[in-house]
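Heads up, the thing below is written out as structure tokens.
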Amino acid sequence: TEDQENILMDNEIERIYVFFKGNKKVQGFEGVLHGGFTSTILDNSMGAFAFLIANLRPAATAYLNINFKKPLKTEQVYMLEAQILKVQDRKIFLKGDIYDKELIKMADTEGLFIKVDWYGVFFERLQQEFLKSLDRQTQRLSEGQ
């Protein structure tokens with residue numbers, strides 16, 4: 001039911017906070033975090049939040065639109081705030097902001113995450129492979145091999 005689908009939303013989880021600090025191993029330019037690292041932090045954090053919203057079921061990133069406002073520096077702590085914009089059937093719309101220690105916005109993003117039935121997808125593939133294997137075995141038996 002709809003109530004079961006949004007059980008965590010009923011518990012008023014509207015936002016999460018993630019604190020992170022990147023070192024020189026993830027810098028692009030000297031002293032500046034690589035944009036790919038920042039994108040990964042946003043995607044992983046918001047994806048984990050979508051997982052919670054989806055009642056601990058997988059959610060895949062459909063899109064993630066990131067605006068970099070200022071360069072993020074290495075060896076500094078940043079705060080990512082992710083919050084729910086809307087949940088519509090299998091679609092989870094989120095937004096995220098990254099702030100420095102003075103609460104200056106460094107980046108923002110909006111994303112769409114789709115609840116995915118990985119078990120169904122996996123089982124369907126497994127079933128297809130099994131049937132193909134069964135067909136090969138039947139063909140070998142009919143050919144007398």
Side-chain angles (χ1 to χ4, degrees), residues 1-140:
T1 69
E2 186 67 28
D3 291 336
Q4 291 171 328
E5 287 294 311
N6 294 321
I7 190 166
L8 292 175
M9 291 195 46
D10 291 341
N11 288 331
E12 299 182 17
I13 296 176
E14 297 176 0
R15 68 187 73 223
I16 62 165
Y17 296 91
V18 176
F19 295 87
F20 67 95
K21 176 171 81 170
N23 60 29
K24 291 183 179 188
K25 293 180 180 180
V26 292
Q27 70 183 7
F29 295 105
E30 183 70 31
V32 177
L33 295 179
H34 192 284
F37 173 76
T38 306
S39 299
T40 300
I41 290 286
L42 285 163
D43 188 30
N44 282 346
S45 299
M46 292 174 69
F49 188 29
F51 177 74
L52 292 174
I53 295 165
N55 203 24
L56 306 180
R57 294 205 313 242
T61 308
Y63 73 78
L64 197 62
N65 182 22
I66 302 169
N67 299 302
F68 296 96
K69 306 284 188 187
K70 296 180 179 236
L72 280 75
K73 301 206 164 69
T74 58
E75 306 303 333
Q76 290 189 19
V77 175
Y78 293 96
M79 178 184 72
L80 184 162
E81 176 186 33
Q83 55 189 324
I84 299 169
L85 293 176
K86 173 172 66 170
V87 177
Q88 183 180 53
D89 299 320
R90 293 177 44 224
K91 298 177 182 178
I92 302 169
F93 296 88
L94 302 175
K95 75 175 260 163
D97 298 304
I98 295 177
Y99 297 96
D100 70 2
K101 62 184 176 184
E102 282 88 32
L103 297 180
I104 295 171
K105 188 185 290 190
M106 307 300 283
D108 61 45
T109 185
E110 284 195 13
L112 169 61
F113 296 80
I114 307 291
K115 297 178 199 176
V116 180
D117 181 9
W118 286 118
Y119 175 77
V121 171
F122 174 74
F123 183 74
E124 194 173 295
R125 271 202 190 136
L126 187 62
Q127 185 180 33
Q128 288 172 358
E129 289 301 315
F130 174 74
L131 291 174
K132 284 180 191 175
S133 175
L134 191 59
D135 285 343
R136 285 192 298 268
Q137 293 295 335
T138 304
Q139 186 177 7
R140 285 186 194 143

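For this chain, numbers begin at 1 and follow the sequence in order.
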What's the shortest heavy-atom distance between K115 and D89, and which atoms? NZ-O, 3.3 Å
With sequence neighbours excluded, tell me which residues meet side-chain contact (heavy atoms from CB on, under 4.5 Å) with K70. I104, M106
With a 3.5 Å distance limit and no angle check, can you tell me whether R90 reaches the backbone of I114 through a side-chain donor-acceptor pair? no
Considering only heavy atoms from C-beta outward, does the side chain of K91 approach that of L112 to under 4.5 Å? yes
Minimal heavy-atom distance between R57 and F51, with the atoms involved, is O-CD1, 3.2 Å
Mind checking what makes side-chain contact (heavy atoms from CB on, under 4.5 Å) contact with K105, not counting sequence neighbours? K69, D97, Y99, D108
Distance col, row D100:CG vs L72:CG, nearest 0.5 angstrom, shows 8.5 Å
With D43 via side-chain contact (heavy atoms from CB on, under 4.5 Å) - residues at least two apart: T61, L64, F113
Quick check for you: to the nearest 0.5 Å, what is the distance between L94 atom CG and K86 atom NZ? 12.0 Å
Could you work out, with side-chain contact (heavy atoms from CB on, under 4.5 Å) as the rule, every residue matching K132, not counting sequence neighbours? E129, R136
Write down the atom of A54, the atom of I92, and the distance for their closest heavy-atom approach. CB-CD1, 4.0 Å
For G96 versus M46, what's the shortest heavy-atom pair and its separation? N-CE, 4.0 Å
Give the C-alpha distance, both sets of side-chain angles, the deciding distance and a yes or no for side-chain contact (heavy atoms from CB on, under 4.5 Å) between N23 and E75. CA-CA 5 Å; N23 60 29; E75 306 303 333; 3.1 Å; yes
Where do Q88 and F93 come nearest, in terms of heavy atoms and distance? OE1-CE1, 4.1 Å
Distance-only donor-acceptor pairs under 3.5 Å for side chains of residues 25-42, two or more places apart:
from : atom 1 : to  : atom 2 : distance (Å)
Q27  : OE1    : G31 : N      : 2.9
H34  : ND1    : G36 : N      : 2.7
T38  : OG1    : H34 : O      : 3.4
S39  : OG     : G35 : O      : 2.8
T40  : OG1    : G36 : O      : 2.8

Any idea which heavy atoms bring Y17 and M79 closest together, and the distance? CD2-SD, 3.7 Å
Is any side-chain heavy atom of E14 less than 4.5 Å from a side-chain heavy atom of Q83? no
Sequence neighbours left out, what passes ring-ring contact (aromatic ring centres under 6.0 Å, His included) with F20? Give chain and number order. Y78
Rounded to the nearest 0.5 Å, the CZ atom of F19 sits from the NZ atom of K101 at a distance of 14.0 Å
